[in-house]
Amino acid sequence: MLEFSESTYTQRKTLFVEVILPLAISRNYTYRVPFEMNNAVAVGKRVVVQFGKSKLYTAVVAAITEHAPKKYEAKYIIEILDDNPVVTEGQLKFWSWLSEYYMCNEGEVMNAALPSALKLASETKVMLNKDFEYDKASLNDKEYLITEALSIQPELTISDIVKLLGQKTVLPILKTLFEKNIVNISEEVSERYKPRRRTYITINPAYHNQDSLRELFAILEKRAPKQADAVLAYIKLSRQQKIVSKNELIEESGSGESSIKSLIEKEVFFAEDRNVSRLGHDDSEAINEFTLSAAQQLALEEVNRSFGDKDVVLLHGITSSGKTQIYIRLIEQMVATGKQVLYLLPEIALTTHIIERLRMYFGSDIGVYHSRFNDNERVEVWQKVLNNEYKVVLGARSSVFLPFSDLGLIIVDEEHETSYKQYDPAPRYNARDAAIYLANMHQGKVLLGSATPSFETYYNARVHKYGLVNLSERFGGVQLPTIEVVSISEELKRKTMQSHFTSVLMADMALALEAKEQVILFQNRRGYAPVLMCRVCAYTPKCINCDVSLTYHKHSGKLHCHYCGYKEDSPSICPACGSTHLEYKGFGTEKVEDELSVLLPDVKLARMDLDTTRSRNSLQIILNNLEEKKIDILVGTQMVAKGLDFADVTVIGIINADSLLKYPDYRANERSYQMLAQVSGRAGRRDKQGKVVIQTYDPNHRVIKQVIENDYLDLYLTEMEERKSFKYPPYYRIINLDIKHKNAEVLYNQAEYLANELRKHFGDRVIGPEPPLINRIRNYYIKSIMLKFERDTISIVKAKAIVRDVITQFQTTKLSKGSIVQPDVDPY
DNA sequence: AGCACGCCGACT
DNA sequence: GTCGGCGTGCTC
């Protein structure tokens, strides 16, 4: 920047800025800088500009020039919001790469990158922060006016405030109010992340000696026998374990909450609310000082060695091999050199213990970034990363957008997880891939960790683009579960099946229940029955939007579409032929649960799928119940495969593996394998080997064999190479085009037309549009066209350039008015 | 993303 | 006759 010595010069010079607006528009726009702001403008600062008729937006300065635009008169910047840039130049480069790579606008990237409190606009809503007491005397007149208005009306838009104050420049005032924590800025009501809290009970030290205890007991026994029970139970429990939770005490003693409450009032018990980790209590202390096992130590050294000549290393470690400890060591190493570390986790995993585990270890140096955080918290993390106060950040996919200055290492845990990919609004980025670019910008390293790596990552490791480190020993001597494959057809022949359960599974479940252990049953279909069919005419109800058969849900008594959410009443007579012989075909989690409750009436059953976890805390409640042993058998969909580290689950039953093996997706086998391996990996405890029962009609299926042999990627890739049958990624690069339109018929025509246009350039590499499956999401019908390129036959850059061209032409053609084409790049 | 402009159908 | 639906184009 030009400094004081030339201040008179800069005063006279006319400067222009190119800004990124948080909108889906294709270009950046140029604004003129008023002379008095010449010294204050800088790349990366936020400015307020008017765009269009009357709207104000927060834009980010991407460049400063001296050249006046020739074709139009530039508008002036209204104000500059920041004293120091909030976006680094590195981030601007990252945004620009991302918009190029994922074929979207920089504005869309900006939208995803900035917490909404950093991009105030006329329509942004402002409200009082209820959790915060502020001192009215400390406010100036205008701030007072705003807070008063907000105490009458719960929320105001920025335009309202402009009217209220009768002046245009209100954002700096709001910025101060926001910084003082007096107001909140919000688009949606984001729930505050709550660490799990639990009430623990300790006994008053006065009763540590036998005499006083006996005395207490004598009194209680007469007046309040329930309370006496509670004291007894406490003594019993405290002999067995270090810490006693209130819930355990209630259960053990059989006395109610009120008895314990009155004991607390009498100061016999003390209650204390504490954050609990999902680790067992015995682990929580060991965490601060741990030593790596020999295998872990070796893996760590190999990772370090690999980083010598590779920028990306895949740590392929089986479930429970203790990858987290290796991560912790790597983070320590990096923090010691003063560099920053980003630890990426898939969204769901962030509710588990890992945050607390790392917090315990690294204390306040660690920042957490999470979609469940509210905006104030997100901005706080943003600022602290910018000021280098956080050396370590733990976060979900959006944390790749934080303003890092010197990133030495990015850890991508559970690298294969699909939740790293953002689908709906652009940028449709994959945080794992973006992280690799980001690390490269900082000349940092990337560690990809997974028990079941994705094809493309494993492929890259195999061709030595990435380093590869294997960790194939479970930590702490935990044994891998035994896997038994049971043929359903065999058992049917012998008539030993009970509803959907083979005799083997029934026997194993009985053993586990007897030992007071838990069981997870996996059925990859929700609802009661996926198909309703007329026995007479074979009519099947289908979704009016999506052309898929509707699933019957018993709890609602309705037929649901699992694609778009459409519902209709389940018919009692066939709408086609009037027959009453309607049959439910197939089965889902609801039916499994239903039939199990008949077979095992005394068992505590629960179900975990999209339907039972839709409401806010229900997932947490189920997990808590599982942990507190209020559930004996949990029936669930893929959800059960993830983040159930703590459970006392020794038996896992896969009700019907075939529904997985026929997964209608081009990455079918990869997913089936991952799912089976992940579910299976959950079986067993430190002191007890687990058992997995896979029920199937096809015991010789290749994927099942691969699960048993615990090898998949090598077997598969070798096979593919030998046969040169380029059937799956990683041999492909794919561009998906989602075309959307409000009218289904128009959509068909346009998709057809677009596909043909693309065929002119790419020939039979264009797949689709495949009739007739169309999904209706919100107000749009959506249809996909896929462009598939064999690796190395065309550069993805060139392919994207052509695609962009075709789309632009397509959108200016008469035929395509009103349709939207959204490109999505899968860089396999 | 807004917003205006403009072109067609269905109302007082 | 006008009101209002949304298709289209533009915003520095």
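Every heavy atom of this structure was used, including side-chain atoms; hydrogens, water molecules and symmetry mates were not. Below, chains carry the letters A, B, ... as their sequence lines are ordered, and counting in each starts from 1.
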[X] near the nucleic acid: base, sugar-phosphate alone, or nothing, with a heavy-atom cut-off under 4.0 Å?
X	answer
A:L21	nothing
A:Q50	sugar-phosphate
A:Y72	base
A:R27	base

What is the distance from [atom1] of [X] to [atom2] of [N], rounded to the nearest Å?
X	N	atom1	atom2	result
A:F51	C:dC12	CZ	P	6 Å
A:Y29	C:dC10	OH	P	10 Å
A:L23	C:dC10	CG	C1'	12 Å
A:K55	C:dT11	NZ	P	17 Å
A:N105	B:dA1	CG	P	10 Å
A:K119	B:dA1	NZ	C1'	12 Å
A:Y57	B:dG2	OH	C1'	5 Å
A:Y76	C:dT11	OH	C1'	19 Å

Inset, instruction - Decide whether A:S96 and A:E106 meet the rule of one side-chain donor and one side-chain acceptor closer than 3.5 Å. - result: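 Short answer, no.
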Legend entry - Six-ring centre of A:Y101, A:K800 cation under 6.0 angstrom, axis tolerance 45°: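 Yes.
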Inset, instruction - Examine distances only and state if a side-chain atom of A:E415 and a backbone atom of A:S454 form a donor-acceptor pair shorter than 3.5 Å. - result: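 Yes; at least one donor-acceptor contact below 3.5 Å.
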Inset, instruction - For the pair A:R27 and A:E18, find out whether any cationic side-chain nitrogen is under 4.0 Å from an anionic carboxylate oxygen. - result: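 Answer for the salt bridge query: no.
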Inset, instruction - Identify whether the distance between the nearest side-chain nitrogen and carboxylate oxygen of A:E456 and A:R432 falls below 4.0 Å. - result: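 Salt bridge between A:E456 and A:R432, a charged N being under 4.0 Å from a carboxylate O: yes.
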Under 3.5 Å, N/O pairs linking protein and nucleotides 4-8 of chain B:
none

Legend entry - Student check: side-chain heavy atoms of A:I146 and A:I182 closer than 4.5 Å: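 A:I146 vs A:I182: side chains apart.
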Inset, instruction - Could you check whether the rings of A:Y437 and A:W97 sit parallel, tilted or perpendicular, using 30° and 60° as the cut-offs? - result: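 A:Y437 vs A:W97 ring planes: parallel.
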Inset, instruction - Compute the ring centroids of A:Y390 and A:Y369, then answer whether they are less than 6.0 Å apart. - result: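 No; A:Y369 has its ring centre 6.0 Å or more from that of A:Y390.
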Sort me out a list of protein N/O and nucleotides 5-7 of chain C N/O pairs below 3.5 Å, or just none if empty.
none

Inset, instruction - Please name all residues satisfying ring-ring contact (aromatic ring centres under 6.0 Å, His included) with A:H560, sequence neighbours left out, ordered by chain then number. - result: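 By the ring-ring contact (aromatic ring centres under 6.0 Å, His included) rule, A:H560 matches A:H553.
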